[in-house]
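Encoded as structure tokens, the structure appears first; notes follow it.
The chains referred to below are lettered A, B, ... by the order of the sequence lines, with proteins before strands, and numbering in each begins at 1.
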2 protein chains.
Amino acid sequence: MIANRGMKIRRDVFQAIADPTRRAIIMLLTAGALTPNGIAEHFESSRQAVSKHLQILSECEIVQQVQQGREIFYHLNAEKVKEVEKWLEQFKQLLAKRFDQLDQVLEQLKPNNK
Amino acid sequence: MIANRGMKIRRDVFQAIADPTRRAIIMLLTAGALTPNGIAEHFESSRQAVSKHLQILSECEIVQQVQQGREIFYHLNAEKVKEVEKWLEQFKQLLAKRFDQLDQVLEQLKPNNK
DNA sequence: TATTTGCGCAATCAAATAATTGCGTATATA
DNA sequence: TATATACGCAATTATTTGATTGCGCAAATA
């Protein structure tokens, strides 16, 4: 493989939920849109720290900003989380396939199949 | 919040699946255990790069090593992925609660409720 | 109008990531 | 026994991440 030192910016749902604070923010926003200060009040994080996370969540398109006067409300885009669901489904399907094969082997090992 | 510069090591499922190569490795291992070289053959990654990912996956307890002569087979620990499933369930539940409330509001807005 | 409040943006920083190269060691093969 | 193979470990490097401080602007309030 051609050398690819360092990382590439990855802005997807998986990156979004990799951080526990971001997961908590996502959970919080299921109850309704909030401002950065409103979110920060719920955690032991500074407003700036929360803002940084919100920026990443925005880039991952999990939240959307809606300006309201001097306040900015962050709304959840629940659709994006479905991508994780999709991956999980794929995973479980592959796993089931493996156990199907295992079942076949076990079937052949049955005493009455000797 | 007390200053917490830099990051903390986070070794959980969410960190494990944050990287696309690691997600691919997890998928690959659903078909059965493989050695680092065996895994690397499936990707355009070097053996060392794969090994680094396997180390992280081991620390996240998503894979388990089984030495077999000079080869080390990496087995999938599918149970750990259930933590993602659990989080998703929680998320969907919270979301449903929100839509329940929305439904109540819509119900009250119905013309016949005037 | 003056002041407070809400928030983004930039600079800065320590720690972590992703990947590389090189080395050492143990197991298998010629 | 000599050699090749499989792999982990350490050092190195570029880049990202998570968080902080400080600044400035626009909107609300006194």
Side-chain angles (χ1 to χ4, degrees), chain A residues 1-26 28-29 33-60 62-75, chain B residues 1-26 28-29 33-60 62-75:
Chain A
M1 169 187 204
I2 288 117
N4 205 12
R5 294 185 143 278
M7 284 178 275
K8 261 183 231 152
I9 338 157
R10 269 179 292 98
R11 287 289 125 103
D12 55 22
V13 209
F14 297 97
Q15 183 64 22
I17 66 170
D19 183 84
T21 304
R22 283 199 291 272
R23 284 200 299 279
I25 291 175
I26 290 171
L28 191 58
L29 292 183
L34 282 171
T35 64
N37 274 327
I39 294 166
E41 278 171 17
H42 285 80
F43 302 106
E44 291 186 343
S45 295
S46 66
R47 199 257 311 169
Q48 296 293 26
V50 167
S51 265
K52 273 286 180 95
H53 285 303
L54 285 173
Q55 199 182 314
I56 292 173
L57 289 171
S58 290
E59 288 168 5
C60 294
I62 292 211
V63 300
Q64 282 175 317
Q65 309 173 27
V66 173
Q67 187 113 19
Q68 198 124 29
R70 69 177 161 179
E71 290 179 315
I72 297 175
F73 283 86
Y74 284 84
H75 294 255
Chain B
M1 164 184 206
I2 289 115
N4 205 10
R5 296 185 140 273
M7 287 178 274
K8 262 184 233 153
I9 291 186
R10 269 181 292 100
R11 287 289 126 103
D12 56 21
V13 210
F14 297 96
Q15 183 64 21
I17 66 170
D19 182 86
T21 304
R22 283 200 290 272
R23 285 201 298 279
I25 290 175
I26 290 172
L28 191 56
L29 291 184
L34 281 173
T35 64
N37 273 327
I39 294 167
E41 278 171 16
H42 286 80
F43 303 105
E44 291 186 344
S45 295
S46 68
R47 198 255 314 169
Q48 295 293 28
V50 167
S51 266
K52 274 289 178 92
H53 284 303
L54 285 172
Q55 199 183 314
I56 293 173
L57 289 171
S58 289
E59 288 168 6
C60 295
I62 292 211
V63 299
Q64 281 175 317
Q65 308 174 28
V66 173
Q67 186 113 20
Q68 198 124 31
R70 69 177 160 179
E71 290 178 315
I72 296 175
F73 282 86
Y74 284 84
H75 294 254

Taking [Y]'s backbone N and O only, do any of them form a donor-acceptor pair with [X]'s side chain (distance below 3.5 Å, no angle check)?
| X | Y | value |
| --- | --- | --- |
| B:Gln15 | B:Ile17 | no |
| B:Gln55 | B:Leu57 | no |
| B:Arg22 | B:His53 | no |

Inset, instruction - For B:Lys52 and for B:Arg10, locate the closest nucleotide of DNA chain D by heavy-atom distance; then report the residue assigned to the nucleotide nearer the 5' terminus. - result: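 Whichever sits nearer the 5' end wins; that is B:Lys52.
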Legend entry - Residue met sooner reading DNA chain D from 5', once B:Arg47 and A:Ala49 are mapped to nucleotides: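 That would be B:Arg47.
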Are OP1 or OP2 of [N] and a side-chain N or O of [X] less than 4.0 angstrom apart?
| X | N | result |
| --- | --- | --- |
| B:Asn37 | D:dT5 | no |
| B:His53 | C:dT17 | no |
| A:Gln15 | D:dT16 | no |
| B:Thr35 | D:dC7 | yes |
| A:Arg11 | D:dT17 | yes |
| A:Ser46 | D:dT20 | yes |

Inset, instruction - Enter the distance from B:Tyr74:OH to B:Thr35:OG1 here, rounded to the nearest 0.5 Å. - result: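 Going from the OH atom of B:Tyr74 to the OG1 atom of B:Thr35 covers 9.5 Å.
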Inset, instruction - With heavy atoms under 4.0 Å as the rule, sort B:Gln67 into base, sugar-phosphate or nothing. - result: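 It contacts nothing in the nucleic acid.
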Inset, instruction - Quick one: label B:Tyr74 by what it contacts on the DNA or RNA (base, sugar-phosphate, nothing), any heavy atom closer than 4.0 Å. - result: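 Sugar-phosphate, backbone atoms only, no base.
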For [X] and [N], give me the distance from atom [atom1] to atom [atom2], rounded to whole Å.
| X | N | atom1 | atom2 | answer |
| --- | --- | --- | --- | --- |
| B:Leu57 | C:dT17 | CG | P | 12 Å |
| A:Glu71 | D:dA28 | CD | C1' | 10 Å |
| A:Gln55 | C:dG8 | CD | C1' | 8 Å |

Inset, instruction - Tell me which nucleotide among D:dA19, C:dG8, D:dG8 gets nearest to the side chain of B:Ser51. - result: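 The nucleotide sitting nearest to the side chain is D:dG8.
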Legend entry - Candidates C:dA18, C:dG8, D:dG8 - which lies nearest the side chain of B:Gln65: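 Ranking C:dA18, C:dG8, D:dG8 by closest atom to the B:Gln65 side chain puts D:dG8 first.
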Legend entry - N/O donor-acceptor pair, side chain A:Gln48 with base C:dG8, under 3.5 angstrom: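 Answer is yes: a donor-acceptor pair is held.
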Inset, instruction - Would you state whether a donor and an acceptor, one from the side chain of A:Arg70 and one from the base of C:dG8, lie under 3.5 Å apart? - result: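 No pair found.
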Legend entry - Check: B:Pro20 and A:Phe14 side chains under 4.5 Å, non-hydrogen atoms: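 Of all side-chain heavy-atom pairs linking B:Pro20 with A:Phe14, none is under 4.5 Å.
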